[in-house]
There are 2 protein chains.
Amino acid sequence: MKIGQRYTEVRKKIFTAIEKMDKPVSAQEIYDYIKQNYEEVDLASIYRNLELMNKSDAVNVILFGEGKKRYELKNMKGHHHHLFCEGCGDIKDIEMKEENLIKNVKNKEGFVIKKHNLEFFGLCPNCQ
Amino acid sequence: MKIGQRYTEVRKKIFTAIEKMDKPVSAQEIYDYIKQNYEEVDLASIYRNLELMNKSDAVNVILFGEGKKRYELKNMKGHHHHLFCEGCGDIKDIEMKEENLIKNVKNKEGFVIKKHNLEFFGLCPNCQ
DNA sequence: TTCATTATTGCAAATGATTTGCAATATGTC
DNA sequence: GACATATTGCAAATCATTTGCAATAATGAA
């Protein structure tokens, strides 16, 4: 997995931050984490790296309609989806077979499917 | 389906705009459509109404990672998902049974599922 | 190891979507 | 028609993300 041309300190920190927080995180959360655990890194650099990481398939972009993107490392876990709590924003992973689902979509409309996202929205035990 | 307390001209225009454009549309697209077909409506009013319409279940919010939200009328079509072309932004509806999928998620993690979104990303015939 | 090339970073400013305060206006009610 | 207040327009604010540019750091060559 090649991100850009150089393996920089900033890049290492971003990787570590996402890995340690162990959930889909926003650019701002990565920024905050790094600020508290290492020397500060500019937000713009984080955004630029996240875009690179996304293009090189190192991270997934996850959307919950909060008005911002979340990122998670791709190699850490198998393919999965998420449960997003509308109450507290808590996020849980879910595993699910969906071969049939995906199979049915392929070749429909002549599209070439490159990616799909399935997210569930609801309330976690604490928020019900 | 009750949106706010009054059935205003602005509200009518927004409904008509979304219906006529017949695809998931952004607030800006609704604004542009109305500007061309009726008297202009303030963007802020459109946003305020879209939020109301979402809370009262009149519209679905759809996310394709473009950095903005799209809205579609809920009553127009049955439950469906979308194919979003990363090349040109073209959007197609797809129908799919997913009873099993959803059934499997219910009662998992103690979440109460209120909504789920499944989006596919790829390239349409023109963009391949 | 030092040097040179250029990818990457920090900083500041710009952009785009969305939100908010507030006074003016329009809608439903009596 | 007059009132009470939901809704709108306008302007400014906010938040996430992007961009220009000069300074800095990573990597390959000498």
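Just so it is clear: chains get the letters A, B, ... in the order the sequence lines come, proteins before strands, and each one is counted from 1.
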query = Is B/Lys77 salt-bridged to B/Asp22, cutoff N-O under 4.0 Å?
reply = yes
key: Student check: side-chain heavy atoms of B/Met21 and B/Ile30 closer than 4.5 Å   = yes
remark   = For B/Ser45 and B/Val10, the nearest pair of non-hydrogen atoms, with its separation, is CB-CG1, 4.4 Å
inquiry  = For a 4.0 angstrom threshold against heavy atoms of chain B, report the outermost contacting nucleotides of DNA chain C in 5' to 3' order.
reply    = C/dA17 to C/dG28
remark   = Whole-Å distance, A/Ile46 CD1 to D/dA16 C1', equals 13 Å
remark   = Within residues 48-55 of chain B, those residues having any heavy atom closer than 4.0 Å to DNA chain D are B/Arg48, B/Asn49
query = What is the distance from CG of B/Leu43 to C1' of D/dT7, rounded to the nearest Å?
reply = 16 Å
Validation row: A/Leu52, A/Val59 side chains within 4.5 angstrom (heavy atoms) = no
remark   = With sugar-phosphate taken as primed atoms, P, OP1 and OP2 and all else as base, the protein-contact string of nucleotides 24-30 of chain D at under 4.0 Å (heavy atoms; B, S, -) is -BBS---
query = Looking at B/Arg70, B/Glu72, B/Lys92, which one forms a side-chain hydrogen bond (donor to acceptor under 3.5 Å, both in side chains) with B/His82?
reply = B/Glu72
message = Ignoring hydrogens and geometry beyond distance, is a side-chain donor-acceptor pair present between B/Asp32 and B/Gln28 at under 3.5 Å?
response = yes
ask   = Can we say B/Glu9 and B/Lys13 salt-bridge, meaning some charged N sits less than 4.0 Å from an Asp/Glu carboxylate O?
value = no
ask   = So do the side chains of B/Glu66 and B/Phe84 get within less than 4.5 Å of each other, counting heavy atoms only?
value = yes
ask   = Going through the checks in order, is the salt bridge (Lys or Arg N to Asp or Glu O under 4.0 Å) test met by A/Glu29 and A/Lys23?
value = CA-CA 11 Å; A/Glu29 285 171 341; A/Lys23 61 162 192 167; 3.8 Å; yes
ask   = For atom NZ of B/Lys12, is the number of surrounding heavy atoms from other residues, nucleotides or ligands below 6.0 Å larger than 12?
value = yes
task = Using the closest heavy atom to pick a nucleotide of DNA chain C for each, name whichever of B/Tyr47 or A/Asp42 lands nearer the 5' end.
result = A/Asp42
